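Throughout, a chain's letter reflects where its sequence line sits, starting with A, and its residues are numbered from 1. What you see is a predicted model; the values in this text were computed from it and never measured.
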2 protein chains.
Amino acid sequence: MATLKDVAQLANVSMSTVSIIVNGKAHERSISDSTIEKVMNAVNELGYAPNSNARSLRYSQANRPKIALYWPFDTRTNLLSNILTDINMQIHKNKFDCELIVKAYENDYIEKNSKEIINNSFSGVIVGGPSQKDVSFLESLETMVPIVLINRSSEKLSTVNVNSKSIALMAVNLLKQAKKDNVSVVGIKDTYTASNQRTKDFIRECKNESIKINQKNIIYAVNDFNKGIDVAKKYIMQKNKSDTIFCESDVIALSMVYYFNKKNIKIPSELSIISIGTLGSNFTKYVTPSITTINVPSDKIANQIIKILMKKIENKNDKLPAHITVEPELFVRESFPEQ
Amino acid sequence: MATLKDVAQLANVSMSTVSIIVNGKAHERSISDSTIEKVMNAVNELGYAPNSNARSLRYSQANRPKIALYWPFDTRTNLLSNILTDINMQIHKNKFDCELIVKAYENDYIEKNSKEIINNSFSGVIVGGPSQKDVSFLESLETMVPIVLINRSSEKLSTVNVNSKSIALMAVNLLKQAKKDNVSVVGIKDTYTASNQRTKDFIRECKNESIKINQKNIIYAVNDFNKGIDVAKKYIMQKNKSDTIFCESDVIALSMVYYFNKKNIKIPSELSIISIGTLGSNFTKYVTPSITTINVPSDKIANQIIKILMKKIENKNDKLPAHITVEPELFVRESFPEQ
DNA sequence: CTGAAAGCGCTTACAG
DNA sequence: CTGAAAGCGCTTACAG
């Protein structure tokens, strides 16, 4: 990478002159046109780009903490988009004077980013959507930088999780109130995480309350907007199907409901649906029928993440990982019968 | 802000020692426990935080271009969330080795951020959702840094816009094919922008094609998920209502359709609906009935933004603002009668 | 109109 | 076990 010095040498002028020209102050400082030309030629020849770190250092620019949000780069449709928006808002609300840097990473390969994490380039790191492998890697890192995982568990790193058991209990309560004792389940197929914790918790709580779930009535699907169609088809083909579906993701539930409408299956009279919500509650509120969801509250998650980081950045001695659990939010709507 | 030097002085040790300890290498370098304690006390007393610019400079860390995305901090539900996700993806796809920094700003007050923009702290700046005032301010800035505005027009700054006229033409074509010659319009009420360009364009094109729009059949509403309810109520109360609605935002269209369903107004046989789509096409695809939308393609917009910035960062001489127009995408669905 | 020098805050190779 | 010094790349006040 060419530096100011290189440019100065090539153009046969001093570094000051180059600096002035590169910063667009040539005329203000009445640099001669010939010098400007010489310098700009050198700049282009060398492909010079100023080093922003040096610049910022020189400017003694407010040394704001830098927070990095690592984000699997192919994530578009889930919780993470909301969380990013909410992190942005919470930084503002908490008047946290920091710089938020969004870094895409590839699942299973967050180690490629290890150098910048260890180097303490950041004052805090938030990791969304890590695989098991990514989590293990991050845990192995010898770094002072506080790392917060979103919806993952770890002994060593801080975590903010939605309370998976609460989700299960909320769902089970709804079932009990409506006297539903037999449920079909739609779970998410995920390559990168030992996912399905929420579905597992739900299944366990159902057992506790003697709500029946036939193994054959559990359908797994990729968390994709279109997959609800397949899921609905599979559901319809089931023998001994239950009249109730618990769905791990509203992303799937949307198209599922659409297909049931098409097939004239009446919701909720013939079929009741509860879904976990990750999209933000507005997206399931105005479909017909509106979908009863137990929502993962991205705003609360973002808020807790920011609080943890602010605290740990404030107090370096606070080395213990924080583990915060956030409660889900129930939205009772038309897809599930009123008690 | 305390520096390493301050800590060293207070702890009565050299800067090297402080640096080693602060970086967690105390044991590896066998620093005595008493020294560690002295230093950590000083660190805490002064609230020392390392200057990451100096650090990065010292590490000669890859001097990646920094791209700042300015974003009105209260924006949650519209296009911008998608664009951020897409910018992230496009950076990856284009193998653009840069740092993406997300900065929240308050509409009408982007000037608060002017210093960091002028300083060349960034190699490129993307601005989403600026008000007229913000645009004027940015235009007045004497800076070498390329600035790209999303969906705004400017002579001086680069812009990436969805082709508003194409949207209008697509909508008008649908109307003509379906022999609709009388339309109601739902427009967005926006505090910060001379918005409604799209609605204006649509109205103009309708005139060109002799499609009637009664002034009384134009309803304005804030772009909020719940506002479709009010809009639908107002529509229902209209005298001489048309049997077709053109809606400027799918955010509004969702709840509007929901309310029409409730009131048993049959779509599309009694009432046809076309909406501009900003949410991403999946969100209007699986509501019942699915909504015909003309979508603002956030992926294409993001792609163009990144291309402009890559080009301008590559070639400093390229000072002329780029003006890129991106074509909308039509999704014909159930809310509008098949031709 | 242009240059030499100081210094932003940090880390590391080296010396002791 | 700890310190003095060099240097990362830049900008600016000063000198001429």
From the options dC10(D), dT2(C), dC10(C), select the nucleotide whose nearest atom is closest to the side chain of Met15(A).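 Minimum distance to the Met15(A) side chain belongs to dC10(D).
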Please tell me which of the listed nucleotides, dT2(D), dC10(C), dT12(C), lies nearest to the side chain of Ala54(B)? dC10(C)
Have Thr325(B) and Asn161(B) got a donor and an acceptor in their side chains that come within less than 3.5 Å?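 Side chains of Thr325(B) and Asn161(B): no pair found under 3.5 Å.
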Quick one: [X] [atom1] to [N] [atom2], roughly how many Å, whole number?
X        : N      : atom1 : atom2 : answer
Glu37(B) : dT2(D) : CD    : P     : 13 Å
Asn51(B) : dG9(C) : CG    : P     : 7 Å
Leu57(B) : dC8(D) : CG    : C1'   : 4 Å
Tyr59(A) : dC8(C) : OH    : C1'   : 13 Å
Ile20(A) : dC1(C) : CD1   : P     : 13 Å
Lys38(B) : dC1(D) : NZ    : P     : 14 Å
Arg29(B) : dT2(D) : CZ    : C1'   : 9 Å
Ile21(A) : dT2(C) : CD1   : P     : 7 Å

Under 3.5 Å: donor-acceptor pair, side chain of [X], backbone of [Y]:
X         : Y         : result
Arg152(B) : Pro130(B) : yes
Asp6(B)   : Thr3(B)   : yes
Lys312(B) : Asp318(B) : yes

Respond yes when some side-chain nitrogen or oxygen of [X] is under 4.0 Å from OP1 or OP2 of [N], and no when none is.
X        : N       : value
Ser30(A) : dC1(C)  : yes
Ser19(A) : dC10(D) : no
Thr35(B) : dC1(D)  : no
Ser16(B) : dA4(D)  : no

Find out whether Ile21(B) and Met40(B) are in side-chain contact, i.e. whether some heavy atom of one side chain is under 4.5 Å from a heavy atom of the other. yes
Partner of dA15(D) by Watson-Crick or G-U wobble geometry, both contacts under 3.5 Å, or none? dT2(C)
What parts of residues 2-14 of chain A reach DNA chain C, counting only heavy atoms under 4.0 Å away? Val13(A), Ser14(A)
I'd like to know if Glu99(A) pairs up with Lys103(B) as an ion pair, taking the criterion as any Lys NZ or Arg NE/NH1/NH2 lying under 4.0 Å from an Asp or Glu carboxylate oxygen. yes
Got a sec, which residues hit side-chain contact (heavy atoms from CB on, under 4.5 Å) with Leu100(A), two or more places apart in sequence or on another chain?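 Counting only residues at least two positions away or on another chain, Leu100(A) forms a side-chain contact (heavy atoms from CB on, under 4.5 Å) with Ile67(A), Leu69(A), Leu84(A), Ile87(A), Asn88(A), Ile91(A), Val102(B).
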